[in-house]
Amino acid sequence: MSKQEKDSGRELNKGVHLKRSIGYFDSVCFVVGSIVGAGIFVSPTGVLEYSQLNVGVALCIWAASGVLSMMCSLCYAELGSALPYTGGEYFHINRGLGSLPAFIFIWTLTLFTMPASNAACSLTFAEYVTKPFYSVCPVPDLLKKIIAIGILWVLGIINTMSVKMATWVQNIFTVLKMMALSLIVISGLVLLVTDKGNSENFKDAFNGQVPNAAQIAESFYQGLHAFGGWSYLNYLAEEIKQPSKNIPRTVFTSITAVIVFYLLVNISYLTVLSPREIVSSAAVSVTWAGRTIPTAAWIIPVSVAVSIFGSLNGSMFMSGRLNYAGSKEGHLPSIISMLHVHYLTPAPAMIISTIIASIFIIPSHLLSLTNYFAFCSWLLVGLTTMSLIVLRYREPNLHRPYKVFLPIAYGVVAAALFLVIAPIVQSPKVEYFYALLFMLSSLIVYFPFVYFKFRLPYFDKITCFLQLFLEVSPTDIYEDSKDQ
């Protein structure tokens with residue numbers, strides 16, 4: 001091949017990489033939109049229940065959940081601004097702790113925790129969309145699952161076709177969901193100020209039964225589940241403009257806003273409903289609307305569906321980037337790391353994420369899915385933060401535009417260990433054993449296919465066929481340090 005042909009080939013492939021097209025406002029909308037979803041409408045029940053109906057303890061757990069999420073986000077901001085590459089936690093664990101922990105991470109998140117989370121969100125979306133049509137009877141499970149799978153594929157197609165379209169969807173739905181939360185907050189505050197609400201719920205708020213350590217941990221699971229999504233920012237670090245500046249700014253802006261809104265929303269709920277009514281309610285926000293705005297109560301189910309749609313969009317976006325990064329590191333089949341030649345999106349990664357999430361819709365108990373997700377995710381948060389600590393000592397000369405106060409990182413590791421160990425010790429459940437067993441089962445795949453690099457027959461031919469069929473190409477080596 002002549003030099004001219006080689007240069008022409010390089011020029012043709014030059015544009016096949018992820019583009020830095022996400023600005024500061026887009027990043028804030030992405031994080032806020034990913035966090036604010038089903039959790040704030042479902043988790044108040046779990047937080048109060050595990051807090052033994054103690055209003056003061058429940059509000060403290062909401063505040064503490066926000067503070068812990070901020071601490072974790074600050075740790076991730078250091079990693080994301082110093083190493084702005086696709087893959088987020090997976091990339092950082094691989095860099096700090098090595099290939100084996102990173103593989104266990106991607107195995108768990110790709111095949112277990114992310115499908116569980118996306119299935120839970122899509123099922124909740126289906127519940128709220130259909131609830132106005134089934135006011136006097138339960139929504140059929142089959143109908144909910146059909147709608148849940150349908151919404152997964154709608155978002156999967158959007159994220160496959162265009163990053164700009166996915167960002168636009170996220171921005172619009174984030175604004176809409178914050179308007180809905182503002183309605184709840186303002187209505188509750190007006191009732192509280194005018195003495196028309198249940199102000200007695202806040203008098204002697206800490207009187208009542210005090211939960212034990214296991215119950216506090218379970219309550220934290222519910223509260224932290226509502227903050228789930230704060231870690232997604234680092235998964236799109238390679239697509240953020242000026243990540244060294246925008247990642248820390250986004251963390252401070254988005255997490256602070258969510259903390260304030262969540263506390264005010266819970267105060268609004270308690271202004272209208274008693275703790276027992278909240279715990280017994282299948283949909284707290286709908287019950288609240290029935291009491292506060294009965295003639296327009298339909299607004300809340302619609303608003304919840306809008307909120308979940310935006311949160312699920314962010315989660316789907318993140319899932320595709322995780323699979324894409326894992327494939328680039330050789331932990332997943334090479335076809336998954338390829339980009340669509342026209343859309344410049346990780347199309348194979350998005351497709352496989354959508355398929356797995358669709359299969360995972362089979363379990364439908366939302367609280368059980370939340371427990372699965374919390375147990376595994378906080379174990380991995382601890383590993384990611386440990387990677388930060390290791391890299392501080394192993395790579396002291398690494399340029400870090402933002403550095404978190406190191407004791408915060410140690411505090412995050414300690415909190416993660418508590419959230420993993422305390423419920424297992426105090427109240428052993430078979431779900432924890434299954435989750436751990438699933439994580440360890442990754443070793444069966446890791447050693448033959450990753451460590452020893454065993455290749456299945458005809459695998460290359462299948463990859464070639466899929467590459468042509470999906471119109472995807474391997475990414476070129478792309479560096480843009482000037483934007484960092």
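Since the structure is predicted, the reported quantities are computational estimates derived from the model, not experimental observations.
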Passing option when Tyr24 is tested against Asn246, Thr250, Thr253 for side-chain hydrogen bond (donor to acceptor under 3.5 Å, both in side chains): Thr253

Does any part of the side chain of Ser65, heavy atoms only, come nearer than 4.5 Å to the side chain of Ile61, both counted from C-beta? yes

Using the rule given for side chain to side chain contact (heavy atoms under 4.5 Å, CB included), can you reason through Val404 versus Leu388, listing the C-alpha separation, both sets of side-chain angles and the distance that settles it, and then say yes or no? CA-CA 10 Å; Val404 69; Leu388 180 149; 4.2 Å; yes

Does any N or O in the side chain of Ser311 come within less than 3.5 Å of the main-chain N or O of Ser34, such that one atom is a donor and the other an acceptor? yes

Taking the side chain as everything from C-beta on, heavy atoms only, tell me whether Leu183 gets closer than 4.5 Å to Met179. no

Rounded at 0.5 Å granularity, tell me how far OG in Ser27 sits from CD in Gln242. 11.0 Å

Mind running side chain to side chain contact (heavy atoms under 4.5 Å, CB included) on Leu443 and Leu100 for me, showing each step along the way? CA-CA 8 Å; Leu443 301 178; Leu100 179 56; 3.6 Å; yes

Using the ring of each side chain (for Trp, its six-membered ring), is Tyr262 parallel, tilted or perpendicular to Trp62, with breaks at 30° and 60°? perpendicular

Looking only at atom types and distance, does a side-chain atom of Thr174 sit under 3.5 Å from a main-chain N or O of Cys29, one as donor and one as acceptor? yes

Candidates Ile352, Leu109, Ile356, Ile351 - the one meeting side-chain contact (heavy atoms from CB on, under 4.5 Å) with Asn323: Ile352

Between Ser51 (side chain) and Leu53 (backbone), is there a donor-acceptor pair under 3.5 Å? no

For Ser327 and Ser337, which I'm curious about, is there any donor-acceptor pair between the side chains at under 3.5 Å? yes

Does any non-hydrogen side-chain atom of Tyr343 lie less than 4.5 Å from one of Val163? no

I need the Ile104 CD1 to Leu440 CG distance, nearest 0.5 Å. 6.5 Å

Report, as yes or no, whether the 6.0 Å neighbourhood of atom CZ on Phe405 holds more than 12 heavy atoms from other residues, nucleotides or ligands. no

If you apply the rule side chain to side chain contact (heavy atoms under 4.5 Å, CB included), what do you find for Phe227 with Ile259, and how did you get there? CA-CA 9 Å; Phe227 281 92; Ile259 292 173; 3.9 Å; yes

Geometric class of the Tyr76/Trp230 ring pair [parallel <30°, tilted 30-60°, perpendicular >60°]: perpendicular

Under a 3.5 Å distance rule, please check whether Ser81 uses its side chain to pair with a backbone N or O of Glu78 as donor and acceptor. yes

Can you measure from CE (Met114) to CG (Asn118) and round to the nearest 0.5 angstrom? 4.5 Å

4.5 Å side-chain heavy-atom contact, Met439 and Trp107: no

Decide yes or no on side chain to side chain contact (heavy atoms under 4.5 Å, CB included) for Phe103 and Val445, but give the supporting numbers first. CA-CA 10 Å; Phe103 183 81; Val445 177; 3.8 Å; yes

Any donor and acceptor pair, going by atom type alone, linking the side chain of Asn313 with main-chain N or O of Phe309 inside 3.5 Å? no

Tell me if a side-chain donor or acceptor on Arg20 pairs with a main-chain N or O of Ile240 at a distance below 3.5 Å. yes

Student check: side-chain heavy atoms of Leu74 and Tyr402 closer than 4.5 Å: yes

Student check: side-chain heavy atoms of Leu398 and Arg95 closer than 4.5 Å: yes

Quick one: does any side-chain atom of Glu239 pair with a main-chain N or O of Ile22 as donor and acceptor, under 3.5 Å? no

Does the side chain to side chain donor-acceptor pair (under 3.5 Å) test come out yes or no for Tyr235 and Glu89, once each step is laid out? CA-CA 8 Å; Tyr235 284 89; Glu89 295 158 311; 2.6 Å; yes

Look at the side chain of Ser303 and the backbone N and O of Ala180, then say whether any donor-acceptor pair between them is shorter than 3.5 Å. no

Pairwise side-chain contact, Met161 with Thr345, heavy-atom cut-off 4.5 Å (strictly under): no

Which is it for Tyr451 and Ser99 under the side chain to side chain donor-acceptor pair (under 3.5 Å) test, yes or no, and what are the steps along the way? CA-CA 9 Å; Tyr451 188 80; Ser99 177; over 6 Å; no

Main-chain N/O of Phe438 paired to Ser441 side chain as donor or acceptor, under 3.5 Å: yes

Find out whether Asn234 and Tyr85 are in side-chain contact, i.e. whether some heavy atom of one side chain is under 4.5 Å from a heavy atom of the other. no

Sidechain-backbone polar pair: Glu238 side chain, Thr86 backbone, donor-acceptor under 3.5 Å: yes

May I ask you to check whether Phe449 and His331 place their ring centres under 6.0 Å from each other? no

Quick check with a 6.0 Å cut-off and a 45 degree axis cone: is Arg321 positioned over the face of Phe317's six-membered ring? yes

